[in-house]
Amino acid sequence: MKLYNSLSREKEEFLPLREGHVGMYVCGPTVYNYFHIGNARPFIVFDTFRRYLEYCGYDVTFVQNFTDIDDKMIRAAHEQGITVKALADRFIAEYFKDAQGLNVRPATVHPRATEHIQQIIALIGRLIEKGHAYPTESGDVYYSTRTFPAYGKLSGQDLEDLEAGARVEINEEKKDPMDFALWKAKKPGEPYWESPFGEGRPGWHIECSAMSMQYLGEMFDIHGGGMDLKFPHHENEIAQSEGATGKPFVKYWVHNGYINIDNKKMSKSLGNFFTVRDLSKRFNLLAVRLFMLSAHYRNPVNFSMDLLEQAEAALKRIDNCMENLCYVVENGEKAADAALPLKEYKARFLAAMEDDLNTADALGVLFEAVKEANICFADKPDADLARQTLSLLKELLDVLGLEKEACQTVPDEILVLAEQRDAARREKNWALADILRDQIIQKGYEIKDGADGTKISKL
RNA sequence: GGCGCCAUAGCCAAGCGGUAAGGCACGGGUCUGCAAAACCCUUACCCCCAGUUCAAGUCUGGGUGGCGCCUCCA
């Protein structure tokens with residue numbers, strides 16, 4: 001497939017380092033709160049990417065970390081009067097709940113920073129040995145960006161320009177303003193670990209280098225994350241990892257665009273955000289997933305409730321088609337002239353995915369198939385073709401993570417009520433028929449009267 | 001100041017040189033005891049100017065407008 005590589009700024013042919021295997025690392029959440037839809041975008045995008053790679057037959061090792069120690073974690077734990085660990089445990093559990101709602105599968109490994117302190121310390125040790133890092137009087141350790149000539153290759157910045165516009169904190173212990181912390185000396189009331197450089201905790205960037213190396217090796221295929229992580233986070237990861245190993249760290253860097261609110265970046269610090277948890281109270285979270293996939297992953301997308309409602313309506317269109325297909329599979333007859341270009345849909349869908357994961361285009365193909373299936377089966381209810389169509393739709397929806405239990409059986413209790421209602425309708429006893437309809441709706445089922453009889457489906 | 005992105009119908013959005021996918025909404029229709037749902041049909045010359053080309057949303061240059069990174073943030 002073609003994949004846009006942020007490092008080369010070009011679409012490249014995707015060729016994994018080891019044939020048939022893909023190692024993929026994605027920056028995960030800092031677990032101090034529920035995650036918002038801005039966080040959700042990379043989760044959904046890279047989950048979809050992973051699903052597609054697996055669909056293509058790759059054996060994918062997918063690593064997504066939890067940042068469970070940093071300033072925000074410490075502050076939030078203090079405010080809530082609990083330990084940092086308790087805070088992390090809680091929001092990691094909440095992460096999995098929301099992720100499940102979005103149909104984001106658990107990663108192969110979800111490493112936690114605090115459980116990899118030894119690896120982090122070892123990596124910092126290597127960097128000091130190689131002269132890329134230096135300890136200070138007060139017990140911090142900094143990375144010396146000047147010792148890594150390629151610094152800036154990902155973000156296209158050079159050190160001189162960065163410094164000219166730098167708004168970095170003043171710190172007299174740093175040799176250079178662009179140096180960044182690998183290890184931070186212990187402060188009162190903060191969690192700390194023993195290390196050769198003194199008691200303290202890891203800096204902001206080192207965990208991703210240490211943990212990706214632990215689970216994917218010193219070189220791996222894909223590193224993903226939001227655009228805003230490109231600098232400085234990912235730039236620093238490159239400096240750390242390549243500085244330590246002397247080898248290329250990541251083959252393909254993949255960055256997703258932002259979610260905007262009213263055309264402004266959504267972020268926790270601006271306060272203009274929606275958590276997935278809140279949205280789950282009003283919407284089917286699969287609609288959130290569809291919303292995310294309806295634009296190309298590298299483009300910024302604006303978010304609003306209105307847009308989410310649109311996505312929910314679109315999702316319903318797919319569901320209705322599937323239901324209809326189920327009905328035809330059960331009740332259809334032979335129709336020799338019924339035909340749909342199923343192979344063509346599949347080929348076009350896959351071609352879209354091959355082109356830098358163009359899910360928007362792929363969805364377009366899916367909806368075309370839905371429309372043509374609706375037309376075809378309206379007057380040619382061929383059970384065989386319906387079965388094949390249903391199977392294709394399921395297969396493709398599964399790649400996008402939008403699959404839903406189709407052809408659910410309606411419980412006898414509901415069927416009995418529906419039969420009673422039909423009987424009442426035949427006797428033109430509308431009052432009774434309406435009472436029975438209300439009962440069915442109350443039990444969570446939907447009644448659809450049509451030319452070919454009454455259909456019942458779960459709401 | 002440095003680096004970068006975007007501009008397609010009422011809204012969202014694909015398109016990567018050959019005469020504009022798809023979704024939502026609106027309107028029209030089919031079905032229906034009513035209602036709901038569902039389904040079908042309908043809707044654009046692509047921000048402006050200049051250029052390259054037989055051919056340009058699609059390439060180049062210049063505008064205009066929006067956004068992001070350079071500071072914790074997906």
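Atom set for the values below is all heavy atoms of this structure, side chains included, hydrogens, waters and symmetry mates excluded. Each chain gets a letter, A, B and so on, in the order its sequence line appears, and its residues count up from 1.
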Tell me the interatomic distance from A:Lys264, atom NZ, to B:C73, atom P, rounded to whole angstroms. 21 Å
For B:G51 versus B:C67, give the span between their P atoms, rounded off to a whole number of Å. 32 Å
Base-contact (B) and sugar-phosphate-only (S) positions in nucleotides 18-30 of chain B, heavy-atom cut-off under 4.0 Å, - elsewhere: ---BSBB------
How many whole angstroms separate atom CD of A:Glu10 from atom P of B:G4? 14 Å
Output the rounded distance in Å from CD1 (A:Ile318) to C1' (B:A38). 15 Å
Base B:C67 paired with A:Lys265 side chain (donor-acceptor, <3.5 Å): no
Donor-acceptor pair (no angle test) under 3.5 Å: A:Asp449 side chain, B:A37 base: no
Tell me which residues in residues 433-443 of chain A lie within less than 4.0 Å of RNA chain B, going by non-hydrogen atoms. A:Asp434, A:Arg437
Does A:Asn299 have a side-chain nitrogen or oxygen under 4.0 Å from the phosphate oxygens OP1 or OP2 of B:A14? yes
Could you tell me the separation between the CG atom of A:Leu357 and the P atom of B:A14, rounded to a whole number of Å? 13 Å
Does B:G33 have a Watson-Crick or wobble mate here (both distances under 3.5 Å), and if so which one? none
Using a heavy-atom cut-off of 4.0 Å across all strands, would you classify A:Gly225 as base, sugar-phosphate, or nothing? sugar-phosphate
In whole Å, I'd like the distance from the CG atom of A:Asn33 to the P atom of B:A74. 11 Å
B:G66 and B:C72, which share atom name P, separated by this distance in whole Å: 28 Å
Contact list (N/O, under 3.5 angstrom) for nucleotides 56-60 of chain B vs protein:
none

If pairing requires Watson-Crick or G-U wobble contacts with both distances under 3.5 Å, which nucleotide is the partner of B:G18? B:C54
Under a 3.5 Å limit on both distances, the Watson-Crick or wobble mate of B:A7 is B:U64
Hey, does A:Phe35 reach any base, or is it just sugar-phosphate, or nothing, if we go heavy atoms under 4.0 Å? nothing
A:Lys371 meets the side-chain hydrogen bond (donor to acceptor under 3.5 Å, both in side chains) criterion, sequence neighbours left out, with none
C1' atoms of B:A25 and B:A13, separation to the nearest Å: 15 Å
OP1 or OP2 of B:A38 sitting under 4.0 Å from any side-chain N/O of A:Asn320? yes
Relative to its sugar, using the 90° cut-off around 0, the base of B:G27 is anti
Does B:A13 pair with anything, Watson-Crick or G-U wobble, both distances under 3.5 Å, and if so, with which nucleotide? none
Ring geometry between A:Phe49 and A:Phe46 (parallel below 30°, tilted from 30 to 60°, perpendicular above 60°): tilted
List the residues meeting side-chain hydrogen bond (donor to acceptor under 3.5 Å, both in side chains) with A:Tyr143, not counting sequence neighbours, and say none if there are none. none
Do A:Leu53 and A:Met24 come within less than 4.5 Å of each other through their side chains, counting heavy atoms only? yes
Would you please confirm or rule out a distance under 4.0 Å between OP1 or OP2 of B:A37 and any side-chain N or O of A:Lys455? no
Base, sugar-phosphate, or nothing for A:Gln157, non-hydrogen atoms under 4.0 angstrom? base
B:A50 versus B:A56 - spacing of their P atoms, nearest Å: 14 Å
Results of side chain to side chain contact (heavy atoms under 4.5 Å, CB included) for A:Asn284 - residues two or more places apart only: A:Leu286, A:Glu312, A:Leu315
Among B:C67, B:C40, B:A74, which nucleotide sits nearest the side chain of A:Ile375? B:C40
Find the distance A:Lys153:NZ to B:C70:P and express it as a whole number of Å. 21 Å
Assigned partner base of B:A44, Watson-Crick or wobble definition, under 3.5 Å: none
Listed partners of A:Ile261 passing side chain to side chain contact (heavy atoms under 4.5 Å, CB included), at least two apart: A:Met266, A:Asn272, A:Phe274, A:Phe303
Listed partners of A:Cys321 passing disulfide bond (SG atoms under 2.5 Å apart), at least two apart: none
Test of understanding: with side-chain hydrogen bond (donor to acceptor under 3.5 Å, both in side chains), list the residues that count as partners of A:Gln157, not counting sequence neighbours. none
Return the set of residues passing side-chain hydrogen bond (donor to acceptor under 3.5 Å, both in side chains) with A:Lys316 (not counting sequence neighbours), or none when no residue passes. none
Testing B:A38, B:A13, B:C67 for proximity to the side chain of A:Ala295, the answer is B:A13
Exactly one of A:Asn103, A:Leu366, A:Leu363 should register a side-chain contact (heavy atoms from CB on, under 4.5 Å) with A:Leu402. Which one does? A:Leu363
Quick one: label A:Gly152 by what it contacts on the DNA or RNA (base, sugar-phosphate, nothing), any heavy atom closer than 4.0 Å. nothing
Spacing of the C1' atoms in B:U53 and B:G18 (rounded, Å): 12 Å
Partner lookup for B:G1, please. Criteria are Watson-Crick or G-U wobble with both distances under 3.5 angstrom; report none if nothing qualifies. B:C70
Without decimals, in angstroms, what is the distance between A:Asp228 CG and B:C73 C1'? 6 Å
Quick one: label A:His233 by what it contacts on the DNA or RNA (base, sugar-phosphate, nothing), any heavy atom closer than 4.0 Å. nothing
Take the angle between the ring planes of A:Phe220 and A:Tyr25 and call it parallel below 30°, perpendicular above 60°, tilted in between. tilted
Distance check needed: B:C3 C1' versus A:Arg9 CZ, whole Å only. 9 Å
Taking 4.0 Å as the cut-off, does a side-chain nitrogen or oxygen of A:Asn260 come that near to OP1 or OP2 on B:C67? no
Measure up the A:His255 and A:His234 rings against each other and bin them: parallel (under 30°), tilted (30 to 60°), perpendicular (over 60°). tilted
Out of B:A37, B:U32, B:C40, minimum distance to the side chain of A:Asn374 belongs to B:C40
Please enumerate all residues that pass ring pair (Phe, Tyr, Trp, His ring centres under 6.0 Å) together with A:Phe377, with sequence neighbours excluded. none
Separation between the C1' atoms of B:C12 and B:A7, rounded to whole Å: 14 Å
Taking the same atom, C1', in B:C16 and in B:A20, what whole-Å distance lies between them? 15 Å
B:C69 versus B:U52 - spacing of their P atoms, nearest Å: 40 Å
So A:Lys448, base contact, sugar-phosphate only, or nothing? Heavy-atom distance under 4.0 Å. base
How are the rings of A:Phe180 and A:His205 set relative to one another: parallel (under 30°), tilted (30 to 60°) or perpendicular (over 60°)? perpendicular
With sequence neighbours excluded, tell me which residues meet salt bridge (Lys or Arg N to Asp or Glu O under 4.0 Å) with A:Arg41. none
